[in-house]
Each structure stands twice: as structure tokens, then as C-alpha cells.
J.: 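The structure's right below; bear with me while I get my questions together.
For this chain, numbers begin at 1 and follow the sequence in order. Everything quoted here is computed from the prediction, not taken from an experiment.
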Amino acid sequence: MAGPKELAHEPIADGLLFGESPRYRNGLIYISDMTGRAIYTINPSSGEKKKLFVAENQPNGMCFAPDGSLIWSSMFDAKLYRRDSTGTTTLYSDLSNVMTGYCGDMAIDTNGRVYLDDTGARVLHGEQPRPGRLLIVETDGSVYVADENIIFPNALFISNDGNSIYCAETFGYGLLKWDIGADGRLSNRQKVWSPAAVSPTGQTGITSHGLIGIDGGCMDAEGGMWLSLLGLEKFIRLDQQGIVTHEINVNGHATACTLGGEDGMTLYLVTNWFPEDEESIFTAMVAKKTRCTVSYAKVDIPKGTSRP
């Protein structure tokens, strides 16, 4: 059987410290610079970056709500904020009495319900990774725990039909899936894939190739899932049968990706690099020794109705 199709990628912009959570909207890429403590827009045609606003407690996941407002997470104070079309920012939900780690990636459904990673550990404050949770924030700002015992949750996205949600378990080395009920509640948790399938050693964990885990991800119109594989320095497309159909090799930790462009057939890639003499990517982030590159690849299958 033929191997995955390899796609080329081209640079768009650099100059961020640690990019996360790219989103495409109205011709622009929105991106969090976590350790740079700001959210930017990038024009993919020119590469021009503009600082949208400062987020002093470090931004991470963000998504556009059905009304077009930007909901973004603030890591160190465990809060979600809402930025409306006028640029006014207001508190959306205070999660400080619930959060055990940091606000991570997020997805917002068609009703405005927010699904949010609780990383379970404050790794940038020296804590070791431990099980986190998946939280749900209702449109009134109320929050509850959707599921627990997820070892560093990451990469949330909702399927095209709205009936399933996927979450990467970065230090659990797998991709999880739940069914979404009519009330937004989750059930039928399954582990549907492991990066061990593409590891050179057949193993996950921290190997000579780096951390063999999943960070970011998104879904296309055929249910194919683009996943960023950190230490393997590549993005892959995984079909619903668990077959890797495409791959994109990068120079650095493959961190996050999103589909966009006018026809939905551009995959925007976020790659973060850190020096080899650093103890870990987390210590490099704290020391502000990481560097981010945003690039793009043209793909065969466009974005569908998946969220984000």
C-alpha cells in the first residue's frame, strides 16, 4: 500500500514567541502568542502581523462564537473573555474556582456552548503533567466538568455533523472521541488513535525523536483529521479509518493547525522551535527562548462544517 502523500508548505510570517490556536476568519489568521502575551492577526497574503490586543495573563485557546465575537482564554487567571465587533472586551466566564491547570484549547458549538481543556497542571509554573479535564461553559457563563482523567488535554474540534467531539491527550498519547448529546453532555468516550502508529520506534512518550504526542488538530469536510505531532516535527492527515493519508514535515515542534482560505483548502500551520540544550519545551517557553513560524499548505480536501 502506498504511503501518505507528502505536501509542501510555504512560510507566511514569524516573529512570535510561541504561537497557538490559529483561527481563520474574514481573510485573516488570528493567533495567540502565549509567552508574547498578545493576540495577533496575520494577513496570509502579505504576512503582515498586527497586534490585536495584549493578554497579560497569557492567551491560549480562542474561537469565534456564532455572533462573531471572539471568545479567548486567559491562562494564568483562568478566565474567558469576550471581544465584540467594536473591540470591547468583557469577562465571559470566571473559571478560577474550577480550573486545576490552565485554560487550553477550545471549541464552540453552533449554540455558543464552549468546550474547553483544563490542562490539569500548571506546567509553566514547574508542575509535572497530570490528568486534566474537559469543561463545558454554557452561554450564561456557567461551567461544569464534562469528563475527567485526560492526561494533558489538547486539540479540541467538533465533527461536521456536530455529533462528536475530539480531544488529543498529549501525555496520554492518544486521540479521544465522545458523542455529544442534544443538551451538550458527552458520553461514549473512546480512544480512536495513537501516535504510536507513526512513531519510528513504534512507541510513544519522550524518545530520541522528541515528544511523540499530539498537540493541535482540526477536521476537513470528509472527516479527515489534521493533527500536529510535536516531536516528530510533522503534521498528518488521519482518515476515519485511522489511515494516515497525507503528511507535512516541518522544522520544529508541530503545534497547531487550522483550515481556511477563501475556498477552505489552505491549511495554516503553527510550528514552534526551541534550543536543543533546553530541558523541555516548557522551560524554553518560560525563558522565552522559543520561536514561532506560521506557514501554509494547499490541501486536497476543504474545510467542512466542523468547529472551529
Side-chain angles (χ1 to χ4, degrees), residues 21 60-61 63 73 80 93 95 98-121 123 128-138 142-199 203-205 211-220 222-230 236-244 256-257 304-308:
S21 192
N60 194 349
C63 279
S73 64
L80 298 185
S93 182
L95 311 173
V98 178
M99 191 69 59
T100 61
Y102 302 128
C103 304
D105 278 333
M106 73 164 73
I108 299 178
D109 69 13
T110 55
N111 296 311
R113 183 181 293 116
V114 175
Y115 295 85
L116 177 70
D117 295 333
D118 171 359
T119 63
V123 291
Q128 293 300 306
R130 60 176 179 261
R133 295 101 58 84
L134 188 55
L135 307 179
I136 297 181
V137 183
E138 299 289 355
S142 61
V143 58
Y144 62 88
V145 178
D147 205 354
E148 301 185 84
N149 196 32
I150 307 168
I151 306 175
F152 211 92
N154 241 326
L156 280 176
F157 51 93
I158 298 170
S159 61
N160 291 293
D161 59 13
N163 293 332
S164 303
I165 190 167
Y166 293 81
C167 176
E169 196 175 26
T170 300
F171 289 97
Y173 311 110
L175 181 66
L176 305 178
K177 175 186 177 182
W178 292 260
D179 297 337
I180 303 176
D183 59 356
R185 299 298 199 265
L186 305 185
S187 63
N188 191 27
R189 173 173 169 168
Q190 306 169 61
K191 185 173 182 176
V192 295
W193 189 74
S194 169
V198 293
S199 168
Q203 298 177 341
T204 54
L211 174 61
I212 311 299
I214 307 166
D215 194 332
C218 61
M219 178 175 279
D220 64 29
E222 292 185 0
M225 295 166 283
W226 282 100
L227 304 175
S228 58
L229 302 183
L230 287 162
I236 64 164
R237 180 184 181 271
L238 187 73
D239 71 13
Q240 286 289 312
Q241 287 71 48
I243 297 170
V244 177
C257 57
T305 55
S306 62
R307 300 181 69 90

J.: Can you find a pair of side-chain heavy atoms, one from Trp178 and one from Leu134, that are under 4.5 Å apart?
T.: yes
J.: Treating Ser306 as the side-chain partner and Asn160 as the backbone partner, does any N or O pair qualify as donor plus acceptor under 3.5 Å?
T.: no
J.: Taking the side chain as everything from C-beta on, heavy atoms only, tell me whether Met106 gets closer than 4.5 Å to Val137.
T.: no
J.: State, with a plain yes or no, whether a side-chain heavy atom of Met219 is found less than 4.5 Å away from one of Ser159.
T.: yes
J.: Between Cys167 and Pro153, what is the shortest heavy-atom contact and its length?
T.: SG-CB, 3.7 Å
J.: Tell me every residue that passes ring pair (Phe, Tyr, Trp, His ring centres under 6.0 Å) with Tyr115, counting only those two or more places apart in sequence or in another chain.
T.: none
J.: Please check this pair: side chain of Asn154 against backbone of Ala168, looking for a donor-acceptor N/O pair closer than 3.5 Å.
T.: no
J.: Which atom names give the shortest non-hydrogen contact between Ser194 and Lys191, and what distance separates them?
T.: CB-CE, 4.4 Å
J.: Taking Thr119 for its side chain and Tyr102 for its backbone only, find out whether a donor-acceptor pair lies under 3.5 Å.
T.: yes
J.: Using side-chain heavy atoms (C-beta onward) and a distance below 4.5 Å, is Ile243 in contact with Leu238?
T.: no
J.: Using the side chain to side chain contact (heavy atoms under 4.5 Å, CB included) definition, which of the options Ile214, Val192, Leu175, Asp220 pairs with Met225?
T.: Leu175
J.: Show the nearest heavy-atom pair for residues Ser228 and Ala256, with the distance to one decimal.
T.: OG-N, 3.7 Å
J.: How far does OG1 of Thr100 sit from CG of Asp118, to the nearest 0.5 angstrom?
T.: 3.5 Å
J.: Find out whether Tyr173 and Ile151 are in side-chain contact, i.e. whether some heavy atom of one side chain is under 4.5 Å from a heavy atom of the other.
T.: no
J.: How would you list, by chain and number, every residue that makes a side-chain hydrogen bond (donor to acceptor under 3.5 Å, both in side chains) with Asp117, sequence neighbours excluded?
T.: none
J.: Find the distance between CD1 (Ile150) and CZ (Phe152) and round it off to the nearest 0.5 Å.
T.: 12.5 Å
J.: Nearest 0.5 Å, please: how far is SG in Cys218 from CD1 in Ile158?
T.: 13.5 Å
J.: Not counting sequence neighbours, list each pair that qualifies as a salt bridge (charged side-chain N to carboxylate O under 4.0 Å, His left out) and has a residue in residues 143-153.
T.: Arg133-Glu148, Asp147-Arg189
J.: Just jot down the side chain to side chain contact (heavy atoms under 4.5 Å, CB included) partners of Glu138, sequence neighbours excluded, or say none.
T.: Arg113, Ile136, Asp140, Ser142, Tyr144, Arg185
J.: Could you give the distance from NZ (Lys177) to OG (Ser164), rounded to the nearest 0.5 Å?
T.: 4.0 Å
J.: Who passes side-chain hydrogen bond (donor to acceptor under 3.5 Å, both in side chains) against Asp239, sequence neighbours left out?
T.: none
J.: To check you understand the geometry: which heavy-atom pair defines the closest contact between Ala121 and Gln128, and what is its length?
T.: CB-O, 3.3 Å
J.: Once side-chain hydrogen bond (donor to acceptor under 3.5 Å, both in side chains) is applied, do any residues pair with Ser21, and if so which ones, sequence neighbours excluded?
T.: Arg23
J.: If every non-hydrogen atom of Ser73 is compared with every non-hydrogen atom of Cys103, which pair is closest and at what distance?
T.: CB-CB, 3.5 Å
J.: Between atom CD of Gln190 and atom OH of Tyr166, what is the distance when rounded to the nearest 0.5 Å?
T.: 8.5 Å
J.: Can you name the residues that form a side chain to side chain contact (heavy atoms under 4.5 Å, CB included) with Asn163, not counting sequence neighbours?
T.: Asp161
J.: Measuring from Leu95:CG to Leu116:CG, what's the distance to the nearest 0.5 Å?
T.: 6.0 Å
J.: For Asp109 versus Asn111, what's the shortest heavy-atom pair and its separation?
T.: OD1-N, 2.9 Å
J.: Suppose we screen for side-chain hydrogen bond (donor to acceptor under 3.5 Å, both in side chains). Which residues come up paired with Asp183, at least two apart in sequence or across chains?
T.: none
